[in-house]
Number of protein chains: 2
Amino acid sequence: MKVLTKHTDYAVRALISLGMKPDGWVSAKSVSDEQAIPYQFLRRIFQELIRSGLVASKEGAGGGVKLARDPYSIRVKDVIEIFQGEVQVSECMFRKQLCSNRANCVLRHEIMRIEQMVNEEFSKVTVGKLIGDLKRVGQMKNP
Amino acid sequence: MKVLTKHTDYAVRALISLGMKPDGWVSAKSVSDEQAIPYQFLRRIFQELIRSGLVASKEGAGGGVKLARDPYSIRVKDVIEIFQGEVQVSECMFRKQLCSNRANCVLRHEIMRIEQMVNEEFSKVTVGKLIGDLKRVGQMKNP
DNA sequence: TTAACTGATACTAAATTAGTATCAGAAAAC
DNA sequence: GTTTTCTGATACTAATTTAGTATCAGTTAA
Ligand code: FES
Ligand code: FES
């Protein structure tokens, strides 16, 4: 069971990459090279991030992308939601016909409790925090 | 983002169904009818559950399946692992070349912390507990 | 006017998930 | 002893999701 798809994975890494070069525009090409993400795939990921307002872009030579917001305001949860939709453990494990009182359903409670926890956890992790961690430990190659 | 697949969903519901009729063998057909799960699909799900030792089976007329263990010992986590493998948030968000010190990787820590929490939560929920909840609230049609 | 970019969108490939079909064999019922 | 009711095993197809590619139009700076 894998929770994060490549879309999310690449997107977070691309955002971190941008967050580490806060001045000026960065081309998708350079991020693609640096992070070894397939170029065209990354292009489309950026377009989503741009549409969602996390990333700003500038066309033409010398253009590129950069973070549109404070890295600490960009939560991994936001990225997941852009590419994978709302976290939901299961639509509804027990169908309506079996579960007359949906609002009070105890099973649903269990599931939603877990859902909420996952959401909270992914909300705590921001791009800014990840960059901070990386810098502190000094693991990422390109500074 | 959906965490549980139909396999897991159906399996848990089938296990609850069995757990509610603790005496004697129950045919896959009757569970299929009761829970509105495609028959052949359910057959294969039972075969997995049998192989994994959660369910016992008896061939021939009058045979069928039943829980092989105490319902309180069957965790939803076990079922997930049978059908969807280990819960893992992401293989490794930052590749080896970017992340020299895998053991100390801070990003990995975040991810594994979340992974562990999800696992713990799904470990707390057992078939027995779900049956207890259902009975207490009296929602499921067939007793 | 050319080179380096993004915007938009159509397309293909691979993997996973969901579901179906079939045949063999065991046990009970008749 | 043969018919019916069941599981064991396995092969197959369909649908959906995920991953990745390709192309062309348009913008900007040099
Ligand atoms: S399980 Fe869906 S409402 Fe109860
Ligand atoms: S992100 Fe994979 S080890 Fe650090």
Side-chain angles (χ1 to χ4, degrees), chain A residues 1-11 13-14 18 24-33 35-68 79-80 82-88 90-91 93, chain B residues 1-11 13-14 18 24-33 35-68 79-80 82-88 90-91 93:
Chain A
M1 168 182 151
K2 237 184 292 173
V3 177
L4 303 185
T5 62
K6 294 279 182 193
H7 285 89
T8 306
D9 178 327
Y10 290 161
R13 285 164 52 199
L18 294 188
W25 304 100
V26 180
S27 74
K29 180 74 173 55
S30 69
V31 177
S32 158
D33 289 347
Q35 300 280 353
I37 301 171
Y39 174 66
Q40 295 295 353
F41 199 12
L42 180 60
R43 287 286 317 279
R44 285 192 3 208
I45 287 169
F46 272 138
Q47 294 196 348
E48 283 290 322
L49 293 172
I50 291 159
R51 256 174 239 134
S52 308
L54 304 192
V55 164
S57 68
K58 191 190 168 203
E59 284 180 275
V65 290
K66 65 177 175 185
L67 290 192
V79 182
I80 293 178
I82 291 170
F83 295 101
Q84 305 181 232
E86 289 265 326
V87 172
Q88 57 181 193
S90 176
E91 286 282 325
M93 204 176 248
Chain B
M1 169 183 150
K2 237 184 291 172
V3 177
L4 302 185
T5 62
K6 293 278 183 194
H7 286 89
T8 306
D9 178 327
Y10 290 161
R13 285 164 52 200
L18 294 188
W25 304 101
V26 180
S27 73
K29 179 75 174 57
S30 69
V31 176
S32 157
D33 289 347
Q35 299 280 354
I37 301 171
Y39 174 65
Q40 295 295 352
F41 199 13
L42 179 60
R43 288 285 318 280
R44 285 193 3 209
I45 287 169
F46 272 137
Q47 294 195 350
E48 283 290 321
L49 293 172
I50 290 159
R51 256 174 240 135
S52 308
L54 303 192
V55 163
S57 69
K58 190 188 169 209
E59 284 180 276
V65 291
K66 67 176 176 186
L67 290 193
V79 182
I80 294 178
I82 291 170
F83 294 100
Q84 305 181 237
E86 289 264 325
V87 172
Q88 57 180 195
S90 175
E91 286 281 326
M93 206 176 244

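Computed from a predicted structure; not experimentally measured. Proteins come first, then strands; the chains are lettered A, B, ... in the order of their sequence lines, and each starts at number 1.
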Asker: Could you check how far CG of Leu49(A) sits from C1' of dT6(C), rounded to whole Å?
Answerer: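 Nearest whole value for this atom pair: 14 Å.
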Asker: Which residues in residues 40-47 of chain A have a heavy atom closer than 4.0 Å to any atom of DNA chain D?
Answerer: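 The stretch gives Gln40(A), Phe41(A), Arg44(A) as the residues lying under 4.0 Å from the strand, ordered by number.
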Asker: Just the table, please: protein N/O against nucleotides 15-17 of chain C N/O, every pair under 3.5 Å.
Answerer:
none

Asker: Closest approach of Phe83(A) and Thr8(A), non-hydrogen atoms and distance?
Answerer: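 Minimum heavy-atom contact is CB-OG1, 3.9 Å.
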Asker: Hey, what do you get for OG (Ser27(B)) to CZ (Arg43(B)), rounding to the nearest 0.5 Å?
Answerer: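 Rounded to the nearest 0.5 Å, the OG-CZ separation comes out at 10.0 Å.
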Asker: Can you see which heavy atom on Ala68(B) is nearest to which on Val55(B), and at what distance?
Answerer: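 Nearest pair, atom of Ala68(B) first, then Val55(B): CB-C, 3.7 Å.
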Asker: Under 4.0 angstrom, heavy atoms only, what part of the nucleic acid is Gly62(B) near: base, sugar-phosphate, or nothing?
Answerer: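 No contact.
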Asker: For the residue pair Ser32(B) and Pro38(B), what are the closest heavy atoms and their distance?
Answerer: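 Answer, listing the atom of Ser32(B) first, then Pro38(B): OG-C, 4.3 Å.
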Asker: Taking Ala14(A)'s backbone N and O only, do any of them form a donor-acceptor pair with Gln35(A)'s side chain (distance below 3.5 Å, no angle check)?
Answerer: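 Such a contact is absent between Gln35(A) side chain and Ala14(A) backbone.
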Asker: Would you be so kind as to tabulate the donor-acceptor pairs closer than 3.5 Å made by side chains of residues 44-53 of chain B, with sequence neighbours excluded?
Answerer:
residue  : atom : partner  : partner atom : Å
Glu48(B) : OE2  : Arg51(B) : NH1          : 2.9
Ser52(B) : OG   : Glu48(B) : O            : 2.8

Asker: Are any of the side-chain heavy atoms of Gln84(A) and Leu4(A) separated by less than 4.5 Å?
Answerer: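 When only atoms from C-beta onward are counted, Leu4(A) and Gln84(A) do touch, with a gap below 4.5 Å.
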Asker: For Tyr39(A), give me all partners under ring pair (Phe, Tyr, Trp, His ring centres under 6.0 Å), at least two apart in sequence or on another chain.
Answerer: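 Once residues adjacent in sequence are excluded, Tyr39(A) has no partner under the ring pair (Phe, Tyr, Trp, His ring centres under 6.0 Å) criterion.
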Asker: Using only atom types and a distance under 3.5 Å, with no angle test, would you say the side chain of Ser57(B) pairs donor to acceptor with the backbone of Gly64(B)?
Answerer: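 Between the backbone of Gly64(B) and the side chain of Ser57(B) there is no qualifying donor-acceptor contact (under 3.5 Å).
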Asker: For DNA chain C, what residues of residues 51-60 of chain B have any heavy atom nearer than 4.0 Å?
Answerer: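 Nucleic-acid contacts, sorted: Lys58(B), Glu59(B), Gly60(B).
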Asker: Side chain to side chain contact (heavy atoms under 4.5 Å, CB included), that's the test. Do Lys6(B) and Ile37(B) meet it? Break it down for me.
Answerer: CA-CA 10 Å; Lys6(B) 293 278 183 194; Ile37(B) 301 171; over 6 Å; no
Asker: Could you list where the contact with chain A starts and ends along DNA chain D, reading 5' to 3', using a 4.0 Å heavy-atom cut-off?
Answerer: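 Under 4.0 Å from chain A, the extent on DNA chain D is dA19(D) to dA29(D).
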